[in-house]
Amino acid sequence: MKARGLLQLRRLAGGLLAMAWMAAQSAPPQTVYRCGPEGRVYSQTPCADGKALSVEDPRSPSQQKAARDVAARDAERANKLADERRRREEAARGQQAAGFNAPVPAGPASAPPRKGKAKAPPPAEPSPMSPAMRVPAQASPGK
């Protein structure tokens, strides 16, 4: 019951937000000025070196309505996905991830016991090198 009331409240808030956005879109266009060094500052009040910019929406009213409809559908879908994710998270609360602290399943009874790695035999005594393989000793600097 609590979740249903929360969902209705979200939908109402989303509807109010959409209506406020549409009202702002229907307001007459304002003049915006590009000011500052290299025109990086925007202002609604004229400035000494500012240039007026046209901020009118060049789209037709039907294009604007279509864009608003798409935005409203996207927002509704996003809310549904967020609610679905919250329900899944709530259902998963308190569950352990698979494999952590889980008992190790026993193998089938007919399977042979697992053997560890075979140990390598101990190294044999080093064989003496032939005289041709020996590295000659360095001569001492005094000789």
Side-chain angles (χ1 to χ4, degrees), residues 1-130 132-141:
M1 183 70 181
K2 183 178 179 184
R4 180 179 284 161
L6 185 59
L7 180 63
Q8 289 175 345
L9 181 62
R10 281 191 187 145
R11 287 184 180 161
L12 177 64
L16 290 174
L17 182 62
M19 287 191 317
W21 182 75
M22 285 188 261
Q25 293 298 316
S26 64
Q30 297 178 353
T31 304
V32 175
Y33 298 92
R34 190 169 181 175
C35 310
E38 299 178 17
R40 293 185 180 186
V41 178
Y42 294 89
S43 173
Q44 292 178 342
T45 57
C47 48
D49 59 343
K51 297 178 185 175
L53 300 176
S54 172
V55 291
E56 290 185 33
D57 192 351
R59 299 175 296 173
S60 69
S62 63
Q63 289 173 328
Q64 292 176 10
K65 182 183 181 316
R68 284 192 298 270
D69 291 344
V70 168
R73 279 194 311 266
D74 287 349
E76 185 177 340
R77 181 68 179 145
N79 285 335
K80 284 181 183 178
L81 289 172
D83 290 339
E84 182 182 321
R85 177 186 53 82
R86 286 185 196 96
R87 282 193 302 271
R88 282 193 320 265
E89 287 175 351
E90 188 63 34
R93 193 174 305 256
Q95 294 179 353
Q96 277 186 330
F100 294 135
N101 298 327
V104 176
S110 63
R114 295 183 75 186
K115 294 181 181 178
K117 289 185 177 180
K119 291 185 179 180
E125 288 291 323
S127 61
M129 291 205 254
S130 67
M133 296 294 290
R134 291 187 189 196
V135 178
Q138 289 183 344
S140 62

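Between the CG atom of Leu81 and the CD atom of Glu76 there is a distance of 11.0 Å, given to the nearest 0.5 Å. Atoms NZ and OH, on Lys51 and Tyr33 in that order, are 14.5 Å from each other to the nearest 0.5 Å. Here the CG atom belonging to Asp83 is positioned 11.0 Å from the CZ atom belonging to Arg88, to the nearest 0.5 angstrom. Taken from CG in Asp74 to CG in Asn79, the straight-line distance is 11.0 Å, to the nearest 0.5 Å.
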Checklist entry - Stepwise, does the salt bridge (Lys or Arg N to Asp or Glu O under 4.0 Å) test hold for Glu84 with Lys80? => result CA-CA 6 Å; Glu84 182 182 321; Lys80 284 181 183 178; over 6 Å; no

Item to check | Trace of the salt bridge (Lys or Arg N to Asp or Glu O under 4.0 Å) decision for Glu90 with Arg93 | outcome: CA-CA 5 Å; Glu90 188 63 34; Arg93 193 174 305 256; 3.3 Å; yes

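Among all heavy-atom pairs drawn from Arg59 and Ala67, the shortest one is NH1-CB, 3.3 Å. Between Gly50 and Cys35 the shortest heavy-atom distance is CA-SG, 3.9 Å. Contact detail for Thr31 and Ala52: the closest heavy-atom pair is CG2-CB, 4.1 Å.
Residue Arg85 qualifies as enclosed at atom CZ: its count of foreign heavy atoms under 6.0 Å is above 12.
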